[in-house]
Colleague: 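I'd like to ask some things about the structure below.
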Amino acid sequence: MYEKYTRQALPSKEYRELLGSAICVFNSNNAFIIENILRENTSNKYNWWDLIDKTSGQLCSPIEDTITAKVGSEIANCFKDITEMRNRIIHSFQITDKNNDQCLATKYKDGHQEVISEEFLYKFIQLNESLSGKLHELRGY
């Protein structure tokens, strides 16, 4: 598929919409994680200015010191899994699949490759929805 703003081949509009939604829900949860770190930051060890500059993977230690210390590791584990999936999306490459459609694929460090299918993106969005619920519950409203 082509658009008037680029001559490069693109995935379908539906695929791009899912991809955009996946990035948006992750970014929302990343900010929500920071909000909850700051909320549980009784030692004043962390501040928004520094946390917002960290990559999602670099938030593991602040999450452990604050959120995990209060409610256990479920949120931290969920965020870690989602961050790994997000990394596969962001560090993907475009391919033409077996149906001759444009989409993204990724290669894991162990060498195996995977197409980032619509199902992958739906699962990612659903996992983010679950994390958001857990973060709302932690926040208390």
Side-chain angles (χ1 to χ4, degrees), residues 1-42 44-141:
M1 169 176 279
Y2 298 95
E3 295 289 351
K4 59 184 172 187
Y5 51 80
T6 183
R7 295 184 316 180
Q8 293 181 281
L10 296 171
S12 71
K13 284 186 180 285
E14 295 81 15
Y15 185 90
R16 288 182 281 146
E17 182 178 317
L18 274 176
L19 187 59
S21 296
I23 292 168
C24 287
V25 297
F26 179 84
N27 287 351
S28 177
N29 275 338
N30 197 75
F32 204 4
I33 282 281
I34 291 171
E35 177 187 328
N36 277 282
I37 289 169
L38 294 172
R39 182 177 205 74
E40 302 304 326
N41 180 31
T42 56
N44 292 324
K45 183 176 178 181
Y46 302 107
N47 64 70
W48 179 86
W49 193 261
D50 293 331
L51 291 173
I52 202 70
D53 285 340
K54 292 186 179 298
T55 66
S56 299
Q58 292 171 328
L59 293 173
C60 291
S61 181
I63 291 169
E64 184 153 327
D65 291 346
T66 56
I67 296 170
T68 301
K70 181 173 184 179
V71 296
S73 62
E74 184 179 15
I75 289 173
N77 292 338
C78 187
F79 186 68
K80 181 179 180 237
D81 291 344
I82 289 169
T83 299
E84 289 174 8
M85 288 181 78
R86 190 282 316 253
N87 289 346
R88 294 301 87 227
I89 295 167
I90 297 301
H91 299 290
S92 62
F93 49 92
Q94 191 163 318
I95 64 165
T96 303
D97 69 11
K98 62 185 175 191
N99 297 321
N100 211 29
D101 293 324
Q102 295 294 303
C103 64
L104 301 177
T106 190
K107 183 178 98 43
Y108 291 86
K109 290 182 181 182
D110 68 4
H112 86 277
Q113 295 181 41
E114 179 180 10
V115 171
I116 298 177
S117 64
E118 289 184 5
E119 292 77 22
F120 182 101
L121 294 171
Y122 278 121
K123 179 180 178 187
F124 179 75
I125 291 166
Q126 290 167 347
L127 289 171
N128 272 279
E129 182 67 22
S130 175
L131 176 60
S132 178
K134 291 174 187 8
L135 292 169
H136 272 91
E137 188 176 315
L138 173 61
R139 184 176 66 179
Y141 60 92

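Since the structure is predicted, the reported quantities are computational estimates derived from the model, not experimental observations.
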Colleague: When rounded to the nearest 0.5 angstrom, what is the spacing between CD in Glu137 and CD in Glu74?
Modeller: 8.5 Å
Colleague: Looking only at heavy atoms, what is the nearest atom pair of Met85 and Leu127, with distance?
Modeller: SD-CD1, 3.6 Å
Colleague: One pair to check against side-chain contact (heavy atoms from CB on, under 4.5 Å): Ile37 and Ile67. What are the steps and the verdict?
Modeller: CA-CA 6 Å; Ile37 289 169; Ile67 296 170; 4.1 Å; yes
Colleague: Looking at CG of Leu18 and CZ of Phe120, how far apart are the two atoms once the value is rounded to the nearest 0.5 Å?
Modeller: 12.5 Å
Colleague: Is the shortest heavy-atom distance from the side chain of Ile89 to the side chain of Leu121 under 4.5 Å?
Modeller: yes
Colleague: Report yes if some heavy atom in the side chain of Thr106 is under 4.5 Å from a heavy atom in the side chain of His91; otherwise report no.
Modeller: no
Colleague: Surrounding CD of Glu64 (heavy atoms of other residues, nucleotides or ligands, distance under 6.0 Å), is the total greater than 12?
Modeller: no
Colleague: Could you grab the distance from atom CD1 of Ile33 to atom NZ of Lys54, nearest 0.5 Å is fine?
Modeller: 14.5 Å
Colleague: Is it true that a side-chain atom of Glu40 and a backbone atom of Ala69 form a donor plus acceptor pair closer than 3.5 Å?
Modeller: no
Colleague: For Leu131 and Phe32, what are the C-alpha separation, side-chain angles and deciding distance, and is it a side-chain contact (heavy atoms from CB on, under 4.5 Å)?
Modeller: CA-CA 10 Å; Leu131 176 60; Phe32 204 4; over 6 Å; no
Colleague: Taking CG in Asn99 as the centre, count heavy atoms belonging to other residues, nucleotides or ligands within less than 6.0 Å. Is the count above 12?
Modeller: yes
Colleague: According to side chain to side chain donor-acceptor pair (under 3.5 Å), does anything in residues 19-29 pair up with another residue at least two apart or in another chain? List the pairs.
Modeller: Asn29-Asn128
Colleague: Rounded at 0.5 Å granularity, tell me how far CG in Asn47 sits from CD1 in Ile34.
Modeller: 10.5 Å
Colleague: Does any N or O in the side chain of Thr55 come within less than 3.5 Å of the main-chain N or O of Gln58, such that one atom is a donor and the other an acceptor?
Modeller: yes
Colleague: Is it true that, when you exclude Tyr122 itself, more than 12 heavy atoms of the residues, nucleotides or ligands shown sit nearer than 6.0 Å to its OH?
Modeller: no
Colleague: Can you measure from CG (Leu10) to CG (Leu19) and round to the nearest 0.5 angstrom?
Modeller: 11.0 Å
Colleague: Below 4.5 Å, heavy atoms only, C-beta onward: do Cys103 and Glu118 meet side chain to side chain?
Modeller: no
Colleague: Determine whether a donor-acceptor pair (N or O, by modelled atom type, separation under 3.5 Å) exists between the side chain of Arg139 and the backbone of Asn36.
Modeller: no
Colleague: Between Ala9 and Gln94, what is the shortest heavy-atom contact and its length?
Modeller: O-NE2, 2.9 Å
Colleague: Do Tyr46 and Asp65 have side-chain atoms, one donor and one acceptor, less than 3.5 Å apart?
Modeller: yes
Colleague: Would you indicate whether the side-chain heavy atoms of Ile75 and Thr68 approach each other to under 4.5 Å?
Modeller: no
Colleague: Shortest non-hydrogen contact from Ser56 to Phe79?
Modeller: O-CE2, 3.6 Å
Colleague: Check the surroundings of atom CD in Glu114: do more than 12 heavy atoms from other residues, nucleotides or ligands lie under 6.0 Å from it?
Modeller: yes
Colleague: Does a donor on one side chain sit under 3.5 Å from an acceptor on the other, for Gln102 and Thr96?
Modeller: yes
Colleague: Can you tell which of Arg86, Lys80, Arg88 makes a salt bridge (charged side-chain N to carboxylate O under 4.0 Å, His left out) with Glu84?
Modeller: Lys80
Colleague: How many angstroms lie between atom CG of Leu38 and atom CG of Leu51, to the nearest 0.5 angstrom?
Modeller: 5.5 Å
Colleague: Going by heavy atoms in the side chains, are Tyr15 and Ile116 under 4.5 Å from each other?
Modeller: yes
